[in-house]
Colleague: 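Following this message is one structure expressed as structure tokens.
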Amino acid sequence: MGATTYRDYSLTGPEASRSIERGLADAEWYQTPIDSGTRARLHARTNGRAAFDAMLWVALLAGTALLAWSVRDSWWAIPAFAIYGALYGGSADSRWHEYGHSTAFRSEWANSLLYYPASFMLMREPTVWRWSHVRHHSDTIVVGRDPEIVFPRPFAIGTWIGNMLGLFAVPQMLRRIARHARGTLDADVASYVPVDKHHNVVREARLYLAILAAVILWCVVATSIFPLLFIGLPSFYGFWLVLFFGTTQHVGLREDVLDHRLNSRTVYMNPIFRFLYLNMNYHVEHHMYPTVPYRNMAALHAEIRSDLPEPTPSTVAAYREIFRAVRAQQTDPAFELDRVMPEGSGSVASTHAEAVVGEDGWVSVCPADELDLGEIRRLDTAGATYAVCRTRDGSLHAVDGICTHSRIAHLADGAVVGDEIECPKHNGRFALATGEPTRDPVTKAVKVYQTVEESGEVRVHIPSLDAREERAVQ
Ligand code: FES
């Protein structure tokens, strides 16, 4: 990229330690409260819709590939490959994203299965980008912390135009893949990928290079460029679509704030864009509630809209605003777009209440008929917090309320997925029966508590006060 930036956007420079000193790293972010019943409805996962959308995408890819092949000797090959490239190297981005969050399919194996090919189509190393995205959600647009600030200030217009064909971004990723294949991790990457995952990074980089080498060999044997035009090069010539949507997410908005309403942009887009982009145009909403599947983003938006700044009315309006900010940043890199908060915003009441533990250690959470399938209630008692939930097959569970990963998220704000509870911050999961971690990035278990339905009430057994105090809210 090369251009001089007005701040040090690396993850190992002075801004990294400064952001920690300023309390911006792994901090608590503003989240518009939603009642537990609505949260359960918004968090509902299914396989059917995700499978339909995935099959439609694959069918479009296969169809445009066939079309491009059939017209390969004519000028029609140019638009045919352009459409194929946009689907391959462009719309794979939102698939990679949704499968990485595990919010597309209810079944984790289906999300994982598709996460890897989508990563390859973008030349993104699966482990590196899984963890970089965890950090992006922890420290969104915090300079020195967020590895996914793709537009450092001042915005480099020449680089942006070159990247319409992936000319800077993709070679940069390929160079990093080559370094990782040699066993040398970038310092930035090593700062957010856990040490026990480093061997995965090296293995995946070698696999990528092996696949690319095989495609190049195929070209040599066939004395044709076409194998690379179908596998590999679309990551370049389809990159414009990643850029087209990605630019609308955060560009021009504020750095170093702990409120996604100030650093992310929600843009109303047409149904075709929303299919290609899997509803990530609702970007404020996604950052506030990364556990909500893409298919429910419009409903989430409707639910919290009164607490958000005015959404950008169209893609054209978003670019108009972005160009205004980018132009201003050429002379004043500190320029940021302001967001006007609605009256009374930030004061939406949270719904959880303090409960009292009885002499026998049991505490009433709520009437049984008020805890629906898939719903989670937060229970605060004696200085500790718990998440009490009912799975979609009806069983009751209670676990410690604070996620063990970065200890900034209440599990009650997350989702019940099968017999697991999912953290609202980075989609880490715990088995409800045992409290054991079942999905990265969590590695440490939460405690589980006996839960019953008795006399029309949901009741949880909390152990002795001493033990409770040890789990006091951080
Ligand atoms: S805080 Fe990261 S998964 Fe819970």
Colleague: Treating E98 as the side-chain partner and Y294 as the backbone partner, does any N or O pair qualify as donor plus acceptor under 3.5 Å?
Modeller: yes
Colleague: Can a side-chain donor-acceptor contact be found between H101 and H137 if the only test is distance below 3.5 angstrom?
Modeller: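 There is such a pair (donor and acceptor under 3.5 Å, judged by atom type) between the side chains of H137 and H101.
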Colleague: Does any donor atom in the side chain of H397 or S395 lie under 3.5 Å from an acceptor atom in the other side chain?
Modeller: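 Yes, side-chain donor-acceptor contact under 3.5 Å.
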Colleague: Decide yes or no on salt bridge (charged side-chain N to carboxylate O under 4.0 Å, His left out) for R378 and D413, but give the supporting numbers first.
Modeller: CA-CA 8 Å; R378 175 171 159 182; D413 294 332; 5.4 Å; no
Colleague: Verify the distance criterion only: is there a donor paired with an acceptor across the side chains of H260 and H283 at less than 3.5 Å?
Modeller: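 No - no donor-acceptor pair under 3.5 Å links their side chains.
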Colleague: Answer yes when E375 and R41 have at least one side-chain N-carboxylate O distance shorter than 4.0 Å, and no when they do not.
Modeller: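 A salt bridge is absent here (no side-chain N lies under 4.0 Å from a carboxylate O).
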Colleague: So does A169 get a backbone contact from the side chain of N163, meaning a donor-acceptor N/O pair under 3.5 Å?
Modeller: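 Yes, because the side chain of N163 sits within donor-acceptor range (under 3.5 Å) of the backbone of A169.
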Colleague: If you measure only the distance, is there a donor-acceptor pair under 3.5 Å linking the side chains of E422 and T291?
Modeller: no
Colleague: Give a yes or no on whether a salt bridge exists between E28 and K425, defined as a side-chain N under 4.0 angstrom from a carboxylate O.
Modeller: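 No, this pair does not count.
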Colleague: Determine, for Y268 and R305, whether the Lys NZ or Arg CZ falls below 6.0 Å from the six-membered ring centre while staying within 45 degrees of the axis.
Modeller: no
Colleague: Which heavy-atom pair separates T438 from F430 by the least distance, and what is that distance?
Modeller: OG1-N, 3.7 Å
Colleague: Under the criterion side-chain contact (heavy atoms from CB on, under 4.5 Å), which of N279, T32, I304 is the partner of E285?
Modeller: I304
Colleague: Are E125 and R203 close enough, and set up right, to give a salt bridge (charged side-chain N to carboxylate O under 4.0 Å, His left out), and what steps lead you there?
Modeller: CA-CA 10 Å; E125 299 162 87; R203 209 170 42 207; over 6 Å; no
Colleague: Salt bridge (charged side-chain N to carboxylate O under 4.0 Å, His left out), that's the test. Do D256 and R7 meet it? Break it down for me.
Modeller: CA-CA 12 Å; D256 295 356; R7 297 177 71 182; 2.7 Å; yes
Colleague: So does E21 pair up with R18, basic N to acidic O under 4.0 Å?
Modeller: no
Colleague: Using only heavy-atom distances, determine whether the side chains of D146 and Y9 contain a donor-acceptor pair under 3.5 Å.
Modeller: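 Absent: no donor and acceptor within the cut-off.
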Colleague: Donor-acceptor pair, distance only, cut-off 3.5 Å: does the side chain of S17 make one with the backbone of P14?
Modeller: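 Such a contact is found between S17 side chain and P14 backbone.
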Colleague: Under 3.5 Å, side chain of R377 to main-chain N/O of E370, donor-acceptor pair present?
Modeller: yes
Colleague: Answer yes or no: is there an ion pair linking D53 with R49, defined by an N-O contact shorter than 4.0 Å?
Modeller: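 Judged by the 4.0 Å cut-off on N to carboxylate O distance, D53 and R49 do form a salt bridge.
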Colleague: Checking S191 against D188 for the side chain to side chain donor-acceptor pair (under 3.5 Å) test, could you report, in this order, the C-alpha distance in whole Å, the side-chain angles of both residues, the deciding distance, and whether it holds?
Modeller: CA-CA 5 Å; S191 75; D188 275 15; 5.2 Å; no
Colleague: Regarding R459 and E453, does a basic nitrogen lie under 4.0 Å from an acidic carboxylate oxygen?
Modeller: no
Colleague: Could you tell me whether the side chain of R390 and the main chain of A368 form a donor-acceptor pair under 3.5 Å?
Modeller: yes
Colleague: Yes or no on side chain to side chain donor-acceptor pair (under 3.5 Å) for T266 and H301, after CA distance, side-chain angles and deciding distance?
Modeller: CA-CA 9 Å; T266 285; H301 171 68; 5.2 Å; no
Colleague: Hydrogens and angles aside, do S107 and N47 bring a side-chain donor and acceptor to less than 3.5 Å of each other?
Modeller: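 Yes.
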Colleague: Any luck finding a side-chain donor-acceptor pair between W129 and S119 under 3.5 Å?
Modeller: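 No, no side-chain donor-acceptor contact under 3.5 Å.
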Colleague: Please say which of L185, V201, D186 ends up in a side-chain contact (heavy atoms from CB on, under 4.5 Å) with R176.
Modeller: D186
Colleague: Give a yes or no on whether the backbone of R145 and the side-chain of R135 come within a donor-acceptor separation of less than 3.5 Å.
Modeller: yes
Colleague: Are D26 and R407 ion-paired here, with the side-chain N under 4.0 Å from a carboxylate O?
Modeller: no
Colleague: Backbone N or O of V340 within a donor-acceptor pair of the E310 side chain at under 3.5 Å?
Modeller: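 Side chain of E310 to backbone of V340: no pair is present.
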Colleague: For T248, is there any backbone N or O sitting under 3.5 Å from a side-chain donor or acceptor partner on R265?
Modeller: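 Between the backbone of T248 and the side chain of R265 there is a qualifying donor-acceptor contact (under 3.5 Å).
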Colleague: Quiz question: by atom type and distance under 3.5 Å, do the side chains of T385 and D380 form a donor-acceptor pair?
Modeller: yes
Colleague: Is the backbone of A318 close enough, under 3.5 Å, to the side chain of T312 for a donor and an acceptor to pair up by distance?
Modeller: no
Colleague: Just checking, R130 and Y115: is the charged tip under 6.0 Å from the six-membered ring centre and within 45° of the axis?
Modeller: yes
Colleague: How about Y277 and F273: are their ring centroids closer than 6.0 Å?
Modeller: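 They do not qualify: ring centres at least 6.0 Å apart.
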Colleague: Report yes or no: is the cationic atom of R261 (NZ for Lys, CZ for Arg) closer than 6.0 Å to the six-membered ring centre of Y30, at no more than 45° off its axis?
Modeller: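 Judged by the rule, R261 and Y30 form a cation-pi pair.
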Colleague: Taking only Lys NZ, Arg NE, NH1 and NH2, and the carboxylate oxygens of Asp or Glu, determine whether R153 and E336 approach each other closer than 4.0 Å.
Modeller: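 Salt bridge flag = yes for E336 with R153.
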Colleague: How about D400 and Y449: does a side-chain donor come under 3.5 Å of a side-chain acceptor?
Modeller: yes
Colleague: If you measure from the Lys or Arg side-chain nitrogens to the Asp or Glu carboxylate oxygens, is any gap between R339 and E321 under 4.0 Å?
Modeller: yes
